A.B. asks: 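Okay, here's the structure, questions in a sec.
Excluded from the calculations below are hydrogen atoms, water molecules and symmetry mates; all remaining heavy atoms, backbone and side chain alike, are included. In this text the structure is predicted, and so the values were computed from the model without any measurement.
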Amino acid sequence: LSDDLQKGMIFSMDMKTAHYFIAIAEEKSISKAAKRLYLSQPTLSNYLRKLESSVGTPLFYRDKTLSLTPAGEVYLKGVRKIVAINNKMYREIEDICANERALFSVGLMGGRSLHFLSKILPQLYSHYPECTVNVLEGSSLEILSMIREGRLDFCILPIVDQQPSLEYAMLKQEEILLAIPKSNPLSTLESKAPGELPSIPIQQLEEEFFILPGNTTVLRMRLDRDFQQHHFIPKVAAEASNAFSILNLANSGVAIGFCPQDDTYGSSGICYASLADPLFQELYLIHKKYAYLTKPMRFFSQLVLENKSLL
């Protein structure tokens with residue numbers, strides 16, 4: 001290796017500056033990365049200038065936003081591996097030393113997943129009182145991206161497709177229902193059997209307007225795939241980021257909403273129905289495959305699986 005390249009490699013081995021580079025790559029902006037890292041913009045700009053000089057090639061294209069050059073892509077991949085190895089090393093040392101001051105992170109979409117977490121964390125803390133769990137709420141696609149990149153340890157999410165770099169444990173399967181305003185004539189449809197919901201073919205909904213989940217949700221991806229399979233183009237009246245907002249809008253008579261069955265609630269303004277070709281989603285506990293899990297992390301995983309009926 002050339003002297004310059006070796007210097008660049010040494011420069012990149014500092015864990016703090018490794019996180020600097022990852023932040024710039026993810027935010028695609030020096031100013032946004034500096035804000036995320038609680039650094040001044042000149043400090044981060046100076047870091048990147050020195051890094052590119054030591055490596056001997058630009059790592060970012062400069063346009064309206066920063067984007068990785070081919071060398072930058074390689075560098076980011078390498079830096080993430082270094083950070084992952086560093087994290088694994090320290091977690092193994094924690095276990096050897098029987099250190100109960102473990103720190104790990106969990107990503108959720110909020111709502112019932114957050115409620116579920118509040119039920120199992122007391123059990124975790126009773127065994128590991130000095131353990132710290134960082135809980136991050138966000139959209140499902142944001143959280144999936146963070147766990148792929150090693151920025152989260154666990155997440156509890158529905159998914160569309162499994163990815164080979166992640167480990168999945170299914171917690172439950174639930175049906176996606178139609179939330180129909182009582183003002184809509186479809187709300188008067190009767191079920192075929194007592195105790196069952198009415199069933200509506202998707203083609204019967206061609207003239208209806210809908211409240212859809214936002215584009216950054218897994219539920220929207222699943223719905224879009226189902227629409228495509230049925231050659232169905234929905235008329236969109238509104239989009240909402242979560243089931244609670246969708247149901248509130250449906251309850252106000254805005255349009256028909258889509259909602260996971262376990263997120264539904266009783267309301268005088270809504271009735272629920274199934275699609276004739278039922279649509280389901282699965283909820284999973286997810287973590288990075290081959291990641292080292294400390295004793296508190298393994299216990300947390302065990303608690304989630306043992307208490308999944310609470311979801």
A.B. asks: If Ile, Leu, Val, Met, Phe, Trp and Tyr residues are connected whenever their side-chain heavy atoms lie under 4.5 Å apart, and connections chain through other members, are Phe280 and Leu157 in the same group?
C.D. replies: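 Each belongs to a different hydrophobic cluster.
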A.B. asks: How long is the span from the CG atom in Leu283 to the NZ atom in Lys308, to the nearest 0.5 Å?
C.D. replies: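 Interatomic distance, Leu283 CG to Lys308 NZ, rounded to 0.5 Å: 11.0 Å.
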A.B. asks: If you take all heavy atoms of Ala71 and Thr57, which pair is closest and at what distance?
C.D. replies: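 Ala71 and Thr57 have their closest heavy atoms at CB-CG2, 3.8 Å.
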A.B. asks: Same cluster for Leu310 and Leu117 if Ile/Leu/Val/Met/Phe/Trp/Tyr side chains link at under 4.5 Å?
C.D. replies: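 In one cluster with Leu310: Leu117, yes.
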A.B. asks: Return the minimal non-hydrogen interatomic distance between Ile147 and Cys155, and the atom names on each side.
C.D. replies: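 Taking every non-hydrogen atom into account, CD1-N, 3.6 Å.
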A.B. asks: Drop me the distance from Ser29's OG to Arg36's CZ, to the nearest 0.5 angstrom.
C.D. replies: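 Reported value, rounded in 0.5 Å steps: 11.5 Å.
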A.B. asks: Measure the shortest side-chain to side-chain distance between Phe209 and Val254 over non-hydrogen atoms and say whether it is less than 4.5 angstrom.
C.D. replies: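 Answer no - side chains too far apart.
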A.B. asks: Applying ring pair (Phe, Tyr, Trp, His ring centres under 6.0 Å), run through Phe21 and Phe60 and close with a yes or a no.
C.D. replies: CA-CA 11 Å; Phe21 186 82; Phe60 289 94; 5.3 Å; yes
A.B. asks: What's the shortest heavy-atom distance between Gly253 and Ser183, and which atoms?
C.D. replies: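 Residues Gly253 and Ser183, closest heavy atoms: CA-OG, 4.3 Å.
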A.B. asks: Verify, without hydrogens or angle tests, whether Thr217 (side chain) and Pro213 (backbone) share a donor-acceptor contact under 3.5 angstrom.
C.D. replies: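 Looks like no, no N/O pair under 3.5 Å.
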A.B. asks: Output the distance between atom CD1 (Ile176) and atom OG (Ser274), rounded to the nearest 0.5 Å.
C.D. replies: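 Between Ile176 CD1 and Ser274 OG, I get 10.5 Å after rounding to 0.5 Å.
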A.B. asks: Which distance, rounded to the nearest 0.5 Å, do you find between the CD1 of Ile30 and the CG of Leu48?
C.D. replies: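 Spacing of CD1 (Ile30) from CG (Leu48) equals 5.0 Å.
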A.B. asks: Kindly determine whether Lys289 and Leu166 satisfy side-chain contact (heavy atoms from CB on, under 4.5 Å), including the steps that lead there.
C.D. replies: CA-CA 5 Å; Lys289 191 173 284 188; Leu166 301 177; 5.8 Å; no
A.B. asks: Before you tell me yes or no, could you show the steps for Ser40 and Thr43 under side-chain contact (heavy atoms from CB on, under 4.5 Å), namely the whole-Å CA-CA distance, both residues' side-chain angles and the distance that decides it to 0.1 Å?
C.D. replies: CA-CA 5 Å; Ser40 68; Thr43 297; 2.6 Å; yes
A.B. asks: Could you tell me whether the side chain of Ser140 and the main chain of Val218 form a donor-acceptor pair under 3.5 Å?
C.D. replies: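 Side chain of Ser140 to backbone of Val218: a pair is present.
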A.B. asks: Considering all heavy atoms of both residues, which atom of Leu275 and which atom of Leu279 are nearest to each other, and what is their separation?
C.D. replies: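 Taking every non-hydrogen atom into account, CD1-CB, 4.2 Å.
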A.B. asks: Do NZ/NE/NH1/NH2 and the carboxylate oxygens of Glu207 and Lys235 come within less than 4.0 Å?
C.D. replies: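 A salt bridge links Glu207 with Lys235.
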A.B. asks: Is there a side-chain contact between Gln173 and Gln281, using heavy atoms and a 4.5 Å cut-off?
C.D. replies: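 They are not in contact (no side-chain heavy atoms under 4.5 Å apart), so the answer is no.
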A.B. asks: After noting the C-alpha distance and the side-chain angles of Glu239 and Arg220, does the key distance pass the salt bridge (charged side-chain N to carboxylate O under 4.0 Å, His left out) rule?
C.D. replies: CA-CA 10 Å; Glu239 293 185 356; Arg220 178 61 176 272; 3.0 Å; yes
A.B. asks: Over 60° means perpendicular and under 30° means parallel, so classify the ring planes of Tyr284 and Tyr168, tilted if in between.
C.D. replies: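 Aromatic pair Tyr168/Tyr284 classed perpendicular.
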A.B. asks: Is the shortest side-chain N to carboxylate O distance from Arg80 to Glu73 below 4.0 Å?
C.D. replies: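 No, no charged N to carboxylate O under 4.0 Å.
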A.B. asks: Check Ser199 against Pro201 and note the closest heavy-atom contact, atom names and distance.
C.D. replies: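 Nearest heavy atoms, Ser199 then Pro201: O-CD, 4.1 Å.
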A.B. asks: Are there more than 12 heavy atoms of other residues, nucleotides or ligands under 6.0 Å from atom CD of Glu196?
C.D. replies: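 Buried by this count: over 12 neighbours within 6.0 Å.
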A.B. asks: Report yes if the side chains of Tyr75 and Lys77 come closer than 4.5 Å at any heavy-atom pair, otherwise no.
C.D. replies: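 When only atoms from C-beta onward are counted, Lys77 and Tyr75 do not touch, as no gap falls below 4.5 Å.
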A.B. asks: Does this structure show an ion pair linking Glu27 with Lys35, if we count only N-O contacts that are shorter than 4.0 Å?
C.D. replies: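 No, Glu27 and Lys35 are not salt-bridged.
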A.B. asks: Examine distances only and state if a side-chain atom of Tyr290 and a backbone atom of Ser165 form a donor-acceptor pair shorter than 3.5 Å.
C.D. replies: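 The answer is no, because no donor-acceptor pair under 3.5 Å joins these two groups.
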A.B. asks: Apply side chain to side chain donor-acceptor pair (under 3.5 Å) to residues Ser145 and Glu142 and explain how you reach the verdict.
C.D. replies: CA-CA 5 Å; Ser145 176; Glu142 289 171 340; over 6 Å; no
A.B. asks: Between Met109 and Phe116, is there shared hydrophobic-cluster membership here, with clusters defined by ILVMFWY side-chain heavy atoms closer than 4.5 Å?
C.D. replies: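 No, Met109 does not connect to Phe116 through the hydrophobic network.
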A.B. asks: Does any non-hydrogen side-chain atom of Tyr265 lie less than 4.5 Å from one of Leu247?
C.D. replies: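 Yes, at least one pair of side-chain atoms sits under 4.5 Å.
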A.B. asks: Is a donor on one side and an acceptor on the other found under 3.5 Å between the side chain of Tyr47 and the backbone of Thr17?
C.D. replies: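 Flag set: sc Tyr47 to bb Thr17 pair under 3.5 Å.
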A.B. asks: Does this structure show an ion pair linking Asp63 with Lys28, if we count only N-O contacts that are shorter than 4.0 Å?
C.D. replies: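 Looking at Asp63 and Lys28, the cut-off is not met.
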A.B. asks: Once you round to the nearest 0.5 Å, how far does CZ of Arg151 lie from NE2 of His19?
C.D. replies: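 Answer rounded to 0.5 Å: 10.5 Å.
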A.B. asks: Side chains of Lys182 and Ile270: does their closest heavy-atom pair fall under 4.5 Å?
C.D. replies: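 In short, these two side chains do not touch, never coming nearer than 4.5 Å.
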A.B. asks: Should Ile211 and Ile256 count as side-chain neighbours, where that means a heavy-atom distance under 4.5 Å?
C.D. replies: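 A side-chain contact is absent here, since even the closest heavy-atom pair is not under 4.5 Å.
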A.B. asks: Would you mind telling me which of Ile156, Leu152, Leu144 makes a side-chain contact (heavy atoms from CB on, under 4.5 Å) with Ile286?
C.D. replies: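 Only one of Ile156, Leu152, Leu144 forms a side-chain contact (heavy atoms from CB on, under 4.5 Å) with Ile286, namely Leu144.
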A.B. asks: Where do Ile180 and Tyr272 land on the side-chain contact (heavy atoms from CB on, under 4.5 Å) test, with the steps shown first?
C.D. replies: CA-CA 6 Å; Ile180 305 172; Tyr272 297 100; over 6 Å; no
A.B. asks: With no hydrogens and no angle check, is any side-chain donor or acceptor of Asp263 less than 3.5 Å from a backbone partner on Ala243?
C.D. replies: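 Here the side-chain-to-backbone pair does not exist.
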A.B. asks: Between Ser118 and His115, is a side-chain contact (heavy atoms from CB on, under 4.5 Å) present by the stated rule, with each step listed?
C.D. replies: CA-CA 5 Å; Ser118 71; His115 181 67; 4.1 Å; yes
A.B. asks: Answer with yes or no whether the side chains of Ser126 and Gln123 bring together a donor and an acceptor at under 3.5 Å.
C.D. replies: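 No - no donor-acceptor pair under 3.5 Å links their side chains.
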A.B. asks: Between the side chains of Asp277 and Gln229, does any donor sit under 3.5 Å from an acceptor?
C.D. replies: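 Checked: Asp277/Gln229 side chains show no N/O donor-acceptor pair below 3.5 Å.
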A.B. asks: For Arg112 and Leu311, indicate whether the former's side chain and the latter's backbone hold a donor-acceptor pair under 3.5 Å.
C.D. replies: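 No: the side chain of Arg112 does not pair with the backbone of Leu311.
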A.B. asks: Between Phe154 and His287, how do the two ring planes meet: parallel, tilted or perpendicular, split at 30° and 60°?
C.D. replies: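 Perpendicular: the ring planes of Phe154 and His287 meet at over 60°.
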A.B. asks: So do the side chains of Val135 and Val133 get within less than 4.5 Å of each other, counting heavy atoms only?
C.D. replies: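 Val135 vs Val133: side chains touch.
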A.B. asks: Just by modelled atom types, is the Ser245 backbone N or O under 3.5 Å from a matching donor or acceptor in the Asn242 side chain?
C.D. replies: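 Yes, Asn242 side chain to Ser245 backbone: donor-acceptor pair under 3.5 Å.
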A.B. asks: Does Thr69 reach the main-chain N or O of Pro58 with its side chain, forming a donor-acceptor pair under 3.5 Å?
C.D. replies: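 Yes, the answer is positive, given that a donor and an acceptor are paired below the 3.5 Å cut-off.
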A.B. asks: Do Val55 and Ile22 belong together in a cluster built from hydrophobic side chains that touch within less than 4.5 Å?
C.D. replies: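 Cluster IDs for Val55 and Ile22 match.
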A.B. asks: Taking all heavy atoms of Ile246 and all of Ala240, pick out the closest pair and write down the distance.
C.D. replies: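 Taking Ile246 first and Ala240 second, the nearest heavy atoms are CG1-CB, 3.7 Å.
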A.B. asks: Please report the interatomic distance CZ(Phe300) to CG(Leu293), rounded to the nearest 0.5 Å.
C.D. replies: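 The CG atom of Leu293 is 11.0 Å from CZ of Phe300, to the nearest 0.5 Å.
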A.B. asks: Are any side-chain N or O atoms of Ser301 and backbone N or O atoms of Met297, one a donor and one an acceptor, separated by less than 3.5 Å?
C.D. replies: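 Not a single qualifying donor-acceptor pair exists.
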A.B. asks: For the pair Ser105 (side chain) and Asp153 (backbone), establish whether a donor and an acceptor sit closer than 3.5 Å, ignoring hydrogens and angles.
C.D. replies: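 Indeed, once roles are kept as given, a pair shorter than 3.5 Å links the two residues.
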A.B. asks: My understanding is that only one of Glu175, Glu282, Glu174 makes a salt bridge (charged side-chain N to carboxylate O under 4.0 Å, His left out) with Arg222; could you say which?
C.D. replies: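 The single option meeting the salt bridge (charged side-chain N to carboxylate O under 4.0 Å, His left out) with Arg222 is Glu282.
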A.B. asks: Any chance you could lay out the salt bridge (charged side-chain N to carboxylate O under 4.0 Å, His left out) test for Lys119 and Glu306, step after step, and finish with the verdict?
C.D. replies: CA-CA 12 Å; Lys119 289 181 177 295; Glu306 289 178 350; over 6 Å; no
A.B. asks: Check the hydrophobic clustering (I, L, V, M, F, W, Y; side-chain heavy atoms under 4.5 Å; chains of links allowed) and say if Phe227 and Leu177 are grouped together.
C.D. replies: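 No, Phe227 and Leu177 fall in different hydrophobic clusters.
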